[in-house]
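What you are looking at is a predicted structure, and each value in this text was computed from that prediction instead of being measured. These numbers come from the heavy atoms of this one structure, side chains and all, not from hydrogens, waters or symmetry mates. For the single chain, residues carry numbers from 1 onward in sequence order.
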Amino acid sequence: MNLSLLAAYFAAILLLIATPGPVVAMVANTAARFGARRALLTALGSNGASLLLIGIAALIITGLFAVDMRMLQWVGLLGCLFIGRMAIVSLYEDLSAQTPDAQPVAPPQKRSAILSGFLVGIANPKDIVFFVAFFPQFITVTPSIGASLTLLTALWVLADFAILLAYITLLSGTALQHARRAISVLSALLLLVVAVVGAGYALWGLLG
């Protein structure tokens, strides 16, 4: 096993996952609005989406699956619309709340936290292309392609969940309870920006 290459991979994924994006923003928003338990379920859902995307990327790397870029652009556009709607609903609920520190209760008819996390995680199919470009750089970490893909996937999932859990723990702590609404609004705004930029990118690709 190439330990130096493995260490480089681990450092790279820590930086990539910790950088705020739609999943981090979604988990932060959920932790601020509904607490640690619901945020943890949301993280599990997004983790499942990562597993699916990595699995598809592995099939592409091994030549068993081909990517239709136009289909990815359509799915990406729909995903951005979903993220945008979620951000707008969150902003509306936060800004129309009567008490700044009140913790809203999720209505029973809303989708489960796991499903919400999965949908946000899967809403950016360009991640498939990212994994296809990223994994081959570290595929020689072991002599076997299958073993390398298994090891790289396991490390990604563990790092992904650990970092999201750190965000949840931090945002659910008592020290930040007074800033609950501010955190929720900021994370919802980040989701909205991601949705607008992603939708614009997808439309540019479809129209071009």
Side-chain angles (χ1 to χ4, degrees), residues 15-50 52-53 71-107 109-130 160 163-168 170-172 176-208:
L15 291 174
L16 289 169
I17 297 171
T19 303
V23 171
V24 169
M26 173 64 176
V27 169
N29 183 270
T30 304
R33 300 179 69 219
F34 302 116
R37 182 180 179 278
R38 189 174 176 87
L40 182 60
L41 293 175
T42 303
L44 287 173
S46 69
N47 216 244
S50 293
L52 178 59
L53 291 177
M71 181 190 72
L72 286 182
Q73 289 164 346
W74 275 111
V75 175
L77 179 59
L78 293 176
C80 289
L81 293 177
F82 166 75
I83 293 174
R85 179 186 178 279
M86 182 179 297
I88 291 171
V89 169
S90 177
L91 283 171
Y92 175 77
E93 291 178 353
D94 286 329
L95 298 178
S96 61
Q98 294 298 317
T99 56
D101 294 327
Q103 183 169 335
V105 178
Q109 70 270 20
K110 283 192 174 181
R111 65 178 61 86
S112 73
I114 292 179
L115 179 58
S116 294
F118 180 84
L119 290 175
V120 170
I122 209 73
N124 186 8
K126 290 188 294 297
D127 283 353
I128 298 175
V129 180
F130 165 76
D160 188 25
I163 290 172
L164 292 180
L165 184 59
Y167 273 109
I168 292 169
L170 176 65
L171 295 174
S172 301
L176 293 179
Q177 290 305 299
H178 65 284
R180 188 195 305 273
R181 178 184 285 187
I183 294 170
S184 180
V185 169
L186 286 175
S187 56
L189 286 173
L190 177 58
L191 278 174
L192 189 58
V193 169
V194 169
V196 171
V197 172
Y201 182 86
L203 282 173
W204 179 269
L206 287 168
L207 296 176

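Using a 4.5 Å heavy-atom threshold, the side chains of Met26 and Ser46 count as separate. With contacts defined as side-chain heavy-atom distances shorter than 4.5 Å, the pair Phe118/Leu52 qualifies.
When all heavy atoms are compared, the tightest approach of Leu40 to Leu165 is CD1-CD1, 4.0 Å. In terms of heavy atoms, Val27 sits closest to Ala39 at O-CB, 3.9 Å. Residues Leu41 and Ala113 share a closest heavy-atom pair of CB-CB, 3.7 Å.
For Asp160, the side chain to side chain contact (heavy atoms under 4.5 Å, CB included) test picks out Ile17, Asn47, Ser50, Trp156, Leu164, with sequence neighbours left out.
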For residues 188-198, which side-chain donor-acceptor pairs fall under 3.5 Å, sequence neighbours excluded?
none

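In this structure, the separation between CG on Asn29 and CZ on Arg38 is 10.5 Å, given to the nearest 0.5 Å.
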